[in-house]
Amino acid sequence: MRISGITPSGHTHLGNHLGAIQRWVTDGGPDDLYFVSDLHAMTTTHNPAKLRGRTSEMLAVLVAAGIPAERVFVQSDLSRELGALTWILECTCSYGEAARMIQFKEKGSGQPGVRLSLLTYPVLMAADILLQGAAEVPVGEDQNQHVELARALARRFNSTYGEVFTVPRPVLPPTGARVRNLSDPARKMSKSAQEEAGVVFVLDEPDLIRRKVRRAVTDGFSGVAYAPEERPGVANLLEILAGCRGARPADVAAEFASYGELKEAVAEAVIETLRPIRERTLELLADPAELARIRKEGAHRAAERGEHRLTSAMRLVGAGM
């Protein structure tokens with residue numbers, strides 16, 4: 001069983017869909033779990049109302065995309081269980097292990113008033129994984145170190161107190177579409193981007209998607225060719241089109257004689273790919289009772305899955321009755 005999380009640090013965008021969500025829908029196993037990691041979005045300054053709204057939106061997007069509702073939950077709905085397990089794991093983790101995390105060094109370096117949660121959230125991530133008993137965690141290079149910490153804490157707990165936790169292993173997910181910012185292809189398409197002109201969001205209206213794609217950066221060359229290093233803007237458009245079609249970027253490049261034709265094809269492919277997800281997401285957001293039901297049932301199932309591990313861990317460390 002695998003577990004994957006997505007943080008609502010901004011609105012869900014095309015890169016999230018083509019790079020992860022689409023793969024979860026098509027390649028996910030029947031026991032795989034997916035969660036909205038809203039607690040992870042609190043390690044830096046945030047707006048509580050926006051976080052709550054984006055959490056609901058992201059949950060709706062996951063279900064609308066086709067992930068079975070019984071496989072989805074929201075992280076903070078397990079705050080009691082995760083809080084207790086995180087404390088146990090913090091008592092298993094050393095300061096040096098936490099401080100060595102590369103993301104803490106990068107995000108905290110030179111910043112005044114760095115939140116303690118930026119240091120400790122990898123332990124919370126370990127709790128997310130270990131509570132559910134996940135055997136595999138699909139991660140990119142930037143998160144691999146955090147999964148290694150979860151492995152180390154699971155082994156240490158098991159050898160010190162008794163066997164409770166599955167020792168997870170990181171797995172490199174299949175390569176998804178590499179979606180870059182349309183205005184600046186040197187940057188990834190990001191939920192937290194300050195400039196939204198280059199970011200296509202799942203809930204964008206079709207006309208807005210067309211405008212964003214038409215204004216996408218290309219280059220001064222003639223003809224359409226897939227050359228990521230020399231022509232990153234055009235390569236980005238080809239990768240988006242290929243991701244929507246399930247094709248290879250180099251193959252679709254041969255279809256177009258001009259950038260204008262390419263952009264029109266990309267815009268239409270993106271609109272049609274996102275249309276059913278957008279429509280279903282808006283339906284769910286317009287029906288708070290149904291979304292609340294999905295969320296409540298997901299939380300109940302996630303808590304049940306982890307209950308015996310938390311109870312065993314508490315007993316073995318000498319806590320609880």
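What you see is a predicted model, and the numbers here were worked out from it, not measured in a lab.
Residues Asp32 and Tyr34 approach most closely at CB-OH, 3.5 Å, considering heavy atoms. Counting all heavy atoms, side chain and backbone alike, Ile3 lies closest to Ala134 at CG2-CB, 3.4 Å. Between Ala126 and Leu153, the shortest heavy-atom distance links the atoms CB-CD1, 4.3 Å. The two residues Tyr121 and Thr43 have their closest heavy-atom pair at CB-CG2, 3.9 Å. Heavy atoms only, all atoms of each residue included: Glu81 and Ala303 are closest at OE2-CB, 3.6 Å. Of all heavy-atom pairs between Ile277 and His17, the closest is CD1-CE1, 3.2 Å.
Counting heavy-atom neighbours within 6.0 Å of His46 NE2, excluding the residue itself, gives a total above 12. In Arg248, the CZ atom is not crowded: 12 or fewer heavy atoms of neighbouring residues, nucleotides or ligands sit closer than 6.0 Å. More than 12 heavy atoms of other shown residues, nucleotides or ligands fall within 6.0 angstrom of atom CD in Glu255.
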Glu70 and Arg301: CA distance, side-chain angles, deciding distance, side-chain contact (heavy atoms from CB on, under 4.5 Å) verdict = CA-CA 8 Å; Glu70 63 269 17; Arg301 284 187 288 265; 3.5 Å; yes
Begin from the C-alpha positions of Leu238 and Val224 and carry the test side-chain contact (heavy atoms from CB on, under 4.5 Å) through to its verdict.
-> CA-CA 9 Å; Leu238 290 169; Val224 176; 4.2 Å; yes
Could you go step by step and tell me if Leu284 and Leu59 meet the side-chain contact (heavy atoms from CB on, under 4.5 Å) rule?
-> CA-CA 10 Å; Leu284 286 169; Leu59 176 65; over 6 Å; no
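At distances below 3.5 Å, not a single donor-acceptor pair connects side-chain atoms of Ser37 with backbone N or O atoms of His40. Using a distance-only test at 3.5 Å, with no hydrogens or angles considered, no donor-acceptor pair links the side chain of Thr160 to the main chain of Phe157. Checked by atom type and distance alone, the side chain of Arg187 never pairs as donor or acceptor with a backbone atom of Ser183 at under 3.5 Å. No donor-acceptor pair under 3.5 Å is formed between the side chain of Lys212 and the backbone N or O of Leu182. Side-chain N or O atoms of Asp77 include none that pairs as donor or acceptor with a backbone N or O of Lys296 at under 3.5 Å. Remark: side-chain polar atoms of Asp204 are paired, donor with acceptor, to backbone N or O of Phe201 under 3.5 angstrom. Looking at Glu261, its side chain never comes within 3.5 Å of a backbone N or O of Phe256 through a donor-acceptor pair. At distances below 3.5 Å, at least one donor-acceptor pair connects side-chain atoms of Lys263 with backbone N or O atoms of Ala216. For Arg151 (side chain) and Val167 (main-chain N/O), no donor-acceptor pair under 3.5 Å exists by modelled atom type. Between the side chain of Ser94 and the backbone N or O of Glu97, at least one donor-acceptor pair lies under 3.5 Å.
In terms of hydrophobic clustering, with Ile, Leu, Val, Met, Phe, Trp and Tyr side chains grouped at heavy-atom distances under 4.5 Å, Leu262 and Phe221 are assigned to a common cluster. Each of Val171 and Leu149 belongs to its own hydrophobic cluster when Ile, Leu, Val, Met, Phe, Trp and Tyr are linked at side-chain heavy-atom distances under 4.5 angstrom. By the rule that hydrophobic residues join a cluster once side-chain heavy atoms approach within less than 4.5 Å of another member, Leu14 and Val217 end up as members of separate clusters. Note on Leu282 and Leu291: same hydrophobic cluster, where clusters join Ile, Leu, Val, Met, Phe, Trp and Tyr whose side-chain heavy atoms are under 4.5 Å apart, directly or indirectly.
In this structure, Arg214 pairs ionically with Glu264, as a charged nitrogen and a carboxylate oxygen lie closer than 4.0 Å. A salt bridge is defined here as a Lys NZ or Arg NE, NH1 or NH2 lying under 4.0 Å from an Asp or Glu carboxylate O, and Glu283 with Arg280 meets this definition. The residues Arg211 and Glu205 are annotated as not salt-bridged, no charged nitrogen and carboxylate oxygen being separated by less than 4.0 angstrom.
Distance check: Met125 CE to Leu39 CG gives 14.0 Å after rounding to the nearest 0.5 Å. Here the CG-CG distance, from Leu131 to Leu124, works out to 10.5 Å after rounding to the nearest 0.5 Å.
Side-chain contact between Thr7 and Asp38 is absent, with no heavy-atom pair separated by less than 4.5 Å. By the 4.5 Å heavy-atom criterion applied to side chains, Leu51 and Met42 are counted as neighbours. When side chains are defined from C-beta on, Val72 does not count as touching Ile294, because their heavy atoms never get closer than 4.5 Å.
Between the side chains of Asp219 and Tyr259, at least one donor N or O lies within less than 3.5 Å of an accepting N or O.
Exactly one residue among Arg275, Arg210, Arg245 makes a salt bridge (Lys or Arg N to Asp or Glu O under 4.0 Å) with Glu268. That residue is Arg210.
Legend: side-chain hydrogen bond (donor to acceptor under 3.5 Å, both in side chains) pairs involving residues 54-66, not counting sequence neighbours, sorted by first then second residue: His11-Glu57. Applying the ring pair (Phe, Tyr, Trp, His ring centres under 6.0 Å) test to residues at least two apart or on different chains, the pairs with a partner in residues 60-94 are Phe35-Phe73.
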